[in-house]
Amino acid sequence: HPKDQKISLCSGGAETGLHIAAKKIVAGWQSLMAPPLPHTEKRRTRFGEEIVVTQSIPENLFPIENSVLPDETYWSGDWIPDVVLLGPKGELRIEIKVTHGISGQKQLKIERDGIQTLEYDLAKLRNDQGWNLDSLEHALKTDPSIVRWAVHPKFPNLKPSIQNELATR
């Protein structure tokens, strides 16, 4: 916590511990399986029939050559991700949610920057209170229900593709 911020000795202990542990675990990975990003659009024909089209950006292995914990080093951006992963496929930013997710203002900055960003939601683990480092890493790597794309650079191309398919049906 910043030196000028006054907190009680016990405030946020579980959240802080879970948040810090998750950041350290992710920063230590050698690769990450980025989840798929499905998107669905619907429309009705003039006869009232509903047409549904779903397309997906497939899951993708992201090899990691280096990781950065921006809050432990100098970071020049106007928003600070929890972890930055760097590899041959570029940069992947990670946000860890324990009680507070990405705010609307931060989401706008993430979208403006257009850098692929994942958010891991650990609220279930926080409420469980039974997590340990092994169960936390297992959840981060294998539980698709806790990870979502905040920004995927290919998503803007997905929506028009779906709309084109809807228009031809």
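Since the structure is predicted, the reported quantities are computational estimates derived from the model, not experimental observations.
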Taking the basic N atoms (NZ, or NE/NH1/NH2) and the acidic carboxylate oxygens, is any pair closer than 4.0 Å for Lys97 and Glu95? no
Full working for side-chain contact (heavy atoms from CB on, under 4.5 Å) between Val53 and Glu41: CA-CA 6 Å; Val53 173; Glu41 299 254 339; 5.6 Å; no
Go through it in stages, so that I can follow the logic: the residues are Phe62 and Glu91, the test is side-chain contact (heavy atoms from CB on, under 4.5 Å), and I'd like the CA-CA distance, side-chain angles, deciding distance and then a yes or no. CA-CA 9 Å; Phe62 187 89; Glu91 180 178 324; 5.9 Å; no
Where is the tightest heavy-atom contact between Tyr120 and Ile94, given as atom of each residue plus distance? CD1-CG2, 3.7 Å
What's the verdict on side-chain contact (heavy atoms from CB on, under 4.5 Å) for Gln30 and Ile64, showing C-alpha distance, side-chain angles and the deciding distance? CA-CA 5 Å; Gln30 294 181 357; Ile64 300 166; 5.6 Å; no
If you measure from the Lys or Arg side-chain nitrogens to the Asp or Glu carboxylate oxygens, is any gap between Arg43 and Glu50 under 4.0 Å? no
Show the nearest heavy-atom pair for residues Ser56 and Pro36, with the distance to one decimal. OG-CB, 3.8 Å
Leu118, Leu158: one ILVMFWY side-chain cluster at the under-4.5 Å cut-off? yes
If you count the non-hydrogen atoms of other residues, nucleotides and ligands that lie under 6.0 Å from NZ in Lys89, is the total more than 12? yes
What heavy-atom pair brings Ala21 and Leu133 nearest, and what distance separates the two atoms? CB-CD2, 3.8 Å
Heavy-atom side-chain proximity of Arg44 to Glu49 below 4.5 angstrom: no
Nearest heavy atoms of Val52 and Lys42, plus distance in Å: CG2-CG, 3.8 Å
Distance-only donor-acceptor check, side chains Glu165 and Gln55, under 3.5 Å: yes
Is a donor on one side and an acceptor on the other found under 3.5 Å between the side chain of Gln116 and the backbone of Val151? no
If you measure from NZ on Lys109 to CH2 on Trp79, what distance do you get to the nearest 0.5 Å? 10.0 Å
Is it the case that the side chains of Glu137 and Trp29 hold a donor-acceptor pair, with the cut-off being a distance below 3.5 Å and no angle test? yes
Pairing of Glu119 and Arg148 as salt bridge, 4.0 angstrom limit: yes
Would a single hydrophobic cluster contain both Ile146 and Ile96, if residues Ile, Leu, Val, Met, Phe, Trp and Tyr are joined by side-chain heavy-atom contacts under 4.5 Å? yes
Any donor-acceptor pair under 3.5 Å from Trp149 side chain to Pro35 backbone: yes
For the CD1 atom of Ile110 and the CD atom of Gln105, what is their distance to the nearest 0.5 Å? 11.0 Å
Step-by-step salt bridge (charged side-chain N to carboxylate O under 4.0 Å, His left out) determination, Asp78 to Arg112: CA-CA 11 Å; Asp78 63 350; Arg112 175 204 64 208; 2.8 Å; yes
Apply side-chain contact (heavy atoms from CB on, under 4.5 Å) to Leu69 and Lys23, showing your working. CA-CA 8 Å; Leu69 295 168; Lys23 290 191 320 184; 4.1 Å; yes
Would you please say whether a donor-acceptor pair under 3.5 Å links the side chains of Asp82 and His19? yes
Distance col, row Thr117:OG1 vs Ile102:CD1, nearest 0.5 angstrom, shows 7.0 Å
What residue among Leu122, Val147, Leu125 forms side-chain contact (heavy atoms from CB on, under 4.5 Å) with Leu140? Leu122
Closest non-hydrogen atoms of Leu85 and Val26, given as atom of the first, atom of the second and distance, are CD2-O, 3.9 Å
Should Ile80 and Leu108 be regarded as members of a common hydrophobic cluster, given that ILVMFWY residues are connected when their side-chain heavy atoms come within less than 4.5 Å of each other, either directly or indirectly? no
Run the side-chain contact (heavy atoms from CB on, under 4.5 Å) test against Asn132 and tell me which residues pass, sequence neighbours left out. Asp134, Ser135
Could you report the tightest heavy-atom contact between Ser67 and Ala27, atom names first, then the distance? OG-O, 2.6 Å
Honestly curious: do Leu86 and Val83 fall in one hydrophobic cluster under the side-chain, below-4.5 Å linking rule? no
Answer yes if Leu92 and Leu37 sit in the same cluster of Ile, Leu, Val, Met, Phe, Trp and Tyr residues linked by side chain heavy atoms under 4.5 Å apart, and no otherwise. yes
Report yes or no: does Ser161 contribute a side-chain atom to a donor-acceptor pair with the main-chain N or O of Lys159 at less than 3.5 Å? no
Backbone N/O of Pro63 and side chain of Ser31: donor-acceptor pair under 3.5 Å: no
Are His39 and Thr54 packed together at the side-chain level, in the sense that at least one heavy-atom pair is separated by less than 4.5 angstrom? no
